[in-house]
Every structure is written in C-alpha cells, then in structure tokens.
Amino acid sequence: MKFFYLIIFLISISFFQNEIEESDVLGKWEIKIKVKQIVKEQTKELDFMEKMAAKLASDFAEDLVNNIDMFILFKQENKAILTLDYKSFSEQQEVGWSINENYEIVIDDSFNKKINIGSGNNKWILKDDAIFIKNKDEINKNIILQKAF
C-alpha cells in the first residue's frame with residue numbers, strides 16, 4: 001500500500017508546476033511553431049481530400065513561419081515586446097505579462113488589437129528551460145518559447 005501512495009505522490013509532483021520567479025522569465029525568447037504537427041492534430045477527422053489540401057497549406061505555412069524571426073522580450077515592470085521580422089518587414093508590439101498564483105506565465109495582449117499571442121489562451125508554463133502554452137490542463141508542445149542566447 002505504501003508503494004501505491006509513493007507512485008501517486010511521484011505522479012502528482014510531475015504534474016505540479018514548479019515555482020518560478022520573474023528572473024526565470026526575463027530576457028529574450030525565440031518563438032518556435034511546429035506548423036505540421038498543429039495541422040496534423042487539427043485535421044484528424046477530415047477525409048482524404050481535405051487532408052491533402054491541409055497538407056499543401058501546412059507546407060506553405062511552415063515555409064513562411066520558418067522564415068519569420070519571432071521573439072518576445074520579457075522586461076521588468078510586467079512589460080514585454082513581441083517582435084516579428086520577415087525580409088524587409090519588421091513589427092514590434094508591446095504586451096503585458098505576469099506570473100499568477102499557479103506559477104503560470106500570463107501574457108496579456110488584450111490592450112493590443114493587432115496581435116493575439118495566445119488565441120484566447122494566455123497561460124504559459126515554464127518547463128525544461130522552455131515556455132509552453134497551456135491548453136486547459138495540457139501543455140501544447142507545438143508552440144514553444146526558447147531562451148535566445
């Protein structure tokens with residue numbers, strides 16, 4: 001019986017979000033998006049022709065996304081700068097951020113109508129030296145923020 005409790009305890013620790021400090025987040029993070037994996041997950045229930053069309057679109061989107069430099073610079077005072085650079089186009093937008101009581105990073109882009117960094121979900125988790133968006137109680141490993149050095 002003790003073994004059972006030990007297993008339950010270890011499993012619960014693995015799902016618990018570790019405490020994070022502002023200093024863990026501050027700095028420049030590169031935004032990586034796994035377009036093909038996102039499309040694959042979203043098209044599971046489509047028929048063959050719809051999947052083919054989605055694959056063609058995802059190949060084009062992946063090429064485009066891979067050629068865009070996307071960064072978010074987390075600064076003190078709960079401000080961050082989102083930067084998109086593509087060829088001769090460059091855009092910077094300011095967003096807010098904070099760490100909530102569940103040790104989730106909350107990115108607040110509500111005051112900026114040009115961008116939507118979380119598609120309605122603005123909670124992110126710092127895990128294994130990367131930041132992942134949190135969808136309900138699951139971590140989405142297809143959108144990743146990696147520390148830029």
Side-chain angles (χ1 to χ4, degrees), residues 10-149:
L10 292 174
I11 290 171
S12 66
I13 287 175
S14 69
F15 287 107
F16 181 73
Q17 171 64 20
N18 294 327
E19 291 185 26
I20 60 172
E21 302 288 329
E22 182 180 90
S23 60
D24 296 329
V25 179
L26 292 176
K28 189 175 184 179
W29 295 77
E30 184 176 8
I31 302 169
K32 300 275 189 179
I33 301 172
K34 297 179 180 177
V35 176
K36 282 188 178 183
Q37 189 62 30
I38 291 171
V39 171
K40 183 178 178 181
E41 289 174 9
Q42 297 296 318
T43 60
K44 286 180 183 176
E45 308 216 1
L46 298 179
D47 67 32
F48 177 76
M49 292 302 287
E50 291 169 326
K51 284 183 181 180
M52 289 295 294
K55 181 173 176 0
L56 289 172
S58 74
D59 289 345
F60 174 74
E62 184 177 43
D63 288 343
L64 182 63
V65 168
N66 287 340
N67 288 311
I68 298 173
D69 293 325
M70 299 178 285
F71 295 95
I72 186 163
L73 174 61
F74 290 98
K75 300 165 68 175
Q76 293 180 342
E77 299 180 13
N78 295 33
K79 297 199 186 300
I81 304 295
L82 177 67
T83 302
L84 302 173
D85 287 322
Y86 179 69
K87 296 185 179 182
S88 62
F89 174 80
S90 182
E91 175 105 23
Q92 289 189 341
Q93 296 295 320
E94 185 175 305
V95 296
W97 75 278
S98 62
I99 299 172
N100 69 14
E101 65 278 354
N102 296 323
Y103 303 106
E104 299 164 326
I105 302 162
V106 179
I107 299 176
D108 181 12
D109 58 1
S110 61
F111 60 90
N112 189 331
K113 301 299 179 199
K114 286 187 174 182
I115 60 172
N116 190 357
I117 192 167
S119 299
N121 185 354
N122 60 0
K123 292 181 180 148
W124 299 72
I125 301 294
L126 178 62
K127 184 175 179 166
D128 301 327
D129 297 324
I131 299 175
F132 302 95
I133 195 164
K134 184 178 176 185
N135 294 331
K136 298 178 184 162
D137 290 327
E138 295 181 16
I139 295 174
N140 181 341
K141 294 195 174 186
N142 296 322
I143 302 172
I144 307 163
L145 304 182
Q146 293 179 323
K147 193 80 165 182
F149 296 100

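FYI, side chains are in, hydrogens and waters are out, and symmetry mates aren't considered; it's all heavy atoms of this structure. One is the number of the first residue; the rest follow in order along the sequence. What you see is a predicted model, and the numbers here were worked out from it, not measured in a lab.
- Asp128 contributes no side-chain N or O that, together with a main-chain N or O of Ala130, makes up a donor-acceptor pair within less than 3.5 Å.
- Judged by distance alone, with hydrogens and angles left aside, the side-chain atoms of Glu138 form no donor-acceptor pair with the main-chain N or O of Asn135 at under 3.5 Å.
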Check the pair Ile68 / Ile31 against side-chain contact (heavy atoms from CB on, under 4.5 Å), numbers first and verdict last.
CA-CA 10 Å; Ile68 298 173; Ile31 302 169; over 6 Å; no
Show which side-chain atoms of residues 71-89 pair as donor or acceptor with protein atoms under 3.5 Å away, not counting sequence neighbours.
| from | atom 1 | to | atom 2 | distance (Å) |
| --- | --- | --- | --- | --- |
| Asn78 | ND2 | Trp97 | O | 3.0 |
| Thr83 | OG1 | Gln92 | NE2 | 3.4 |
| Asp85 | OD1 | Ser90 | OG | 2.4 |

Under the criterion side-chain contact (heavy atoms from CB on, under 4.5 Å), I'd like the reasoning laid out for Lys141 against Ile139: C-alpha separation, chi angles, the key distance, then a yes or no.
CA-CA 6 Å; Lys141 294 195 174 186; Ile139 295 174; 4.1 Å; yes
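- Every residue two or more places apart in sequence or in another chain was checked for a salt bridge (Lys or Arg N to Asp or Glu O under 4.0 Å) with Lys40, and none qualifies.
- Taking both residues in full, the closest heavy atoms of Gly27 and Lys147 are given as CA-NZ, 3.8 Å, listed atom of the first, atom of the second, then distance.
- Contacts of Asn67 classified as side-chain hydrogen bond (donor to acceptor under 3.5 Å, both in side chains), with partners at least two apart in sequence or in another chain: none.
- Taking all atoms of both residues into account, the shortest heavy-atom contact from Trp124 to Leu145 is CZ3-CG, 4.0 Å.
- Residue Ile99 forms a side chain to side chain contact (heavy atoms under 4.5 Å, CB included) with just one option from Ile20, Asp24, Val106, and that option is Ile20.
- Residue Ile33 holds its CD1 atom at 10.0 Å from CD1 of Ile144, rounded to the nearest 0.5 Å.
- Using a 4.5 Å cut-off on side-chain heavy atoms (C-beta onward), Asn100 and Lys123 make contact.
- Here the NZ-CD1 distance, from Lys32 to Ile131, works out to 14.5 Å after rounding to the nearest 0.5 Å.
- Judged by distance alone, with hydrogens and angles left aside, the side-chain atoms of Asn140 form a donor-acceptor pair with the main-chain N or O of Asn142 at under 3.5 Å.
- Within the structure, salt bridge (charged side-chain N to carboxylate O under 4.0 Å, His left out) pairs that include any residue of residues 59-70 comprise Lys36-Asp59, Lys36-Glu62, Lys55-Asp59 (at least two apart or interchain).
- Residues satisfying the side chain to side chain contact (heavy atoms under 4.5 Å, CB included) test with Ala61, not counting sequence neighbours, are Val35.
- Remark: Gln37 engages Glu41 in a side-chain hydrogen bond (donor to acceptor under 3.5 Å, both in side chains) (not counting sequence neighbours).
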